Number of protein chains: 2
Amino acid sequence: MPQDLQHRPKVALAVDLAIFTVREDRFQILLVERANQPYRGQLALPGGFIDTDDEDIDVTAARELAEETGLTADRLHLEQLRTYGRPDRDPRGRVVTVCYLALMPDLPIPVAGGDARSARWAPVDAILTGEVHLAFDHQVIVSDAVERARGKLEYSSLGAAFCPAEFTISELRRVYEIVWGQQLDPRNFHRKITSVAGFLVPTGERTTRDGGRPAALYRRGPATVMHPPILRGHNQNHSER
Amino acid sequence: MPQDLQHRPKVALAVDLAIFTVREDRFQILLVERANQPYRGQLALPGGFIDTDDEDIDVTAARELAEETGLTADRLHLEQLRTYGRPDRDPRGRVVTVCYLALMPDLPIPVAGGDARSARWAPVDAILTGEVHLAFDHQVIVSDAVERARGKLEYSSLGAAFCPAEFTISELRRVYEIVWGQQLDPRNFHRKITSVAGFLVPTGERTTRDGGRPAALYRRGPATVMHPPILRGHNQNHSER
DNA sequence: GAAATAGTGTCTTTCAGACATTATGTT
DNA sequence: AACATAATGTCTGAAAGACACTATTTC
């Protein structure tokens, strides 16, 4: 049994990103059109192979996110999702990919990154229904990522990651409604979200950008977890599965 | 930009396992003593490099679990935890490891697998406190794995994964108490756990192995998620973080 | 004024937490 | 009988869901 790495089989390791936003009243994900084979011309998740040996994969993901969106990782949420390693997932050979989940607000010029590939937003529904087809096993990855993102809204302050730095309660509620595809009662949402200490910090400012009575502006507070969580309806299967 | 994998830098890919059980009234994890350098003689998580190119990493994890415990993966719970890829985590060079979390009941001869390495159970507390030191970054991995396991008990039927095929409500409650390090009210636990449809299926049998009045035996039902969840006390920080 | 949205309050039901009581076995 | 644990029931308080009402802006 060899003690060094020379005799170990090695694999190509990729990092892929599922970058979500809420844009034009829809829950959307950033896709790129592949410039090269395989799957040339098809849509896929942005990502790439790891190329430096002196970099944590979390850092690689953050760097690629910055390349793709022009945003540094400290400005938005980035977390590891899962690693996918089916041997047949890439026709070129064994490629294992570590996937990350990122949530970002709808910023003016999020796309058109440094990369030459053309990036675009696509509604997640179109992918989940199979209406839009993706390269590799990215369909499955998107499905997992959406489930993770939706679940996280229940107990974390991550909904605010889709909002600009300062936002109103209504704007935050709209994010929840769009991501979950479900209407929420404005009064109860307001009560629930403001009752969590440290979750939202009022800026003191007000805005009328949503029309009607001016709404108080908030920014994200230090608290990240909500306990107990907001639950999205009872329409989920409690029993069977 | 090359289209094949020949020019891609590759890494050695490992699979490590965090195998938990409840044994002798303690929450324990399976560790092995390393037979080779680096960290020879030190305790570490069981695992190894992927050696076949035609195998999903999930399958690799299941196979190694079987080698280590003698149990097939369909008998116990196995899920991917996270991938760790700090460049300095292995002194031999770049090794990325995909870690898995496994939960198993306290079986008669779980250890003494086919592998030559000596395996042993260790209380997780000793690792979390730093009392027991582990090789590589396995300390961090165990910490993440424990947090995942504890959290999963809140909303899933995974507590039963620590129990034998047939178990009483009290035995299941003891699992929760030991994993969470927290006393639970027997009456309330009974009410809560039996109220979830499809969670526990009564076998019709009874046992007196716990003393006192005979308790009904149950086995795991088809339902896997509990909604709403059982919460472990209010002693967590709801706000700060 | 009307229309729109923000924010507060109230009522009801559900459920967690605390705890009493009864049931059924062993010694 | 005493003892141990199982199982069911009751009470209370907190919080979710449903919804009425008031407040403050624009048009």
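In what follows, chains carry the letters A, B, and so on, assigned in the order in which the sequence lines appear, proteins first and then strands, with residues in each chain numbered from 1. Since the model is a prediction, treat every value here as computed from it, not as a measurement.
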Find the distance [X]:[atom1] to [N]:[atom2] and express it as a whole number of Å.
X      : N      : atom1 : atom2 : answer
B/D185 : D/dA7  : CG    : P     : 14 Å
B/R174 : D/dT5  : CZ    : P     : 11 Å
A/L184 : D/dA16 : CG    : P     : 13 Å
B/R187 : D/dA6  : CZ    : C1'   : 11 Å
A/D210 : D/dA23 : CG    : P     : 22 Å
A/I193 : C/dA6  : CD1   : C1'   : 16 Å
B/L172 : D/dA6  : CG    : P     : 12 Å
A/R213 : D/dC27 : CZ    : P     : 18 Å

*With respect to the phosphate group of D/dA6, does any side-chain polar atom (N or O) of B/S170 fall under 4.0 Å of OP1 or OP2?*
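So the side chain of B/S170 is within the cut-off, an N or O lying under 4.0 Å from OP1 or OP2 of D/dA6.
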
*asked:* Check this one for me: any side-chain N or O of A/K192 less than 4.0 Å away from OP1 or OP2 of D/dA15?
replied: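 No, outside the criterion.
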
*Verify whether one side chain among A/Y84 and A/D144 offers a donor that lies under 3.5 Å from an acceptor in the other.*
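Indeed, the side chains of A/Y84 and A/D144 share at least one donor-acceptor pair under 3.5 Å.
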
*Compute whether any side-chain donor of one residue and acceptor of the other, for A/S170 and A/D210, lie under 3.5 angstrom apart.*
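No, because no side-chain N or O of A/S170 sits under 3.5 Å from a partner of the opposite role on A/D210.
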
_Whichever of A/G212 and B/G212 has its nearest DNA chain C nucleotide further upstream toward 5'_ =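 Its nearest nucleotide lies further toward 5', so the answer is A/G212.
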
*asked:* Quick check on DNA chain C: between B/I230 and B/R206, whose nearest nucleotide comes earlier from the 5' end?
replied: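 On the 5' side of the pair lies B/I230.
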
*Indicate the ring-plane relationship of A/H138 and A/F136, choosing parallel, tilted or perpendicular according to the 30° and 60° boundaries.*
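Geometry flag for A/F136 against A/H138: tilted rings.
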
*Can you name the one residue among B/R23, B/R26, B/R174 that meets salt bridge (charged side-chain N to carboxylate O under 4.0 Å, His left out) with B/D106?*
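The option that passes is B/R23.
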
*Of the nucleotides D/dA7, C/dA18, C/dG7, which one has an atom closest to the side chain of B/R191?*
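Nearest to the side-chain atoms of B/R191, counting from C-beta on, is C/dA18.
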
*In terms of the nearest nucleotide of DNA chain D, which residue is placed more toward the 5' end: B/N188 or B/T168?*
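In this pair, the answer is B/T168.
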
_Bend angle of the helix from C/dG1-D/dC27 to C/dT27-D/dA1, end axes from five pairs each (to 10°)_ =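 About 0° separates the two local helix axes.
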
_Donor-acceptor check, side chain of B/R220 to backbone of B/A160, threshold 3.5 angstrom: yes or no?_
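Absent.
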
*asked:* Using only atom types and a distance under 3.5 Å, with no angle test, would you say the side chain of B/Q139 pairs donor to acceptor with the backbone of B/I127?
replied: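 Checked: pair present.
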
*Please determine if B/D185 and B/K192 form a salt bridge, counting it only when a charged side-chain N lies under 4.0 Å from a carboxylate O.*
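A salt bridge is absent here (no side-chain N lies under 4.0 Å from a carboxylate O).
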
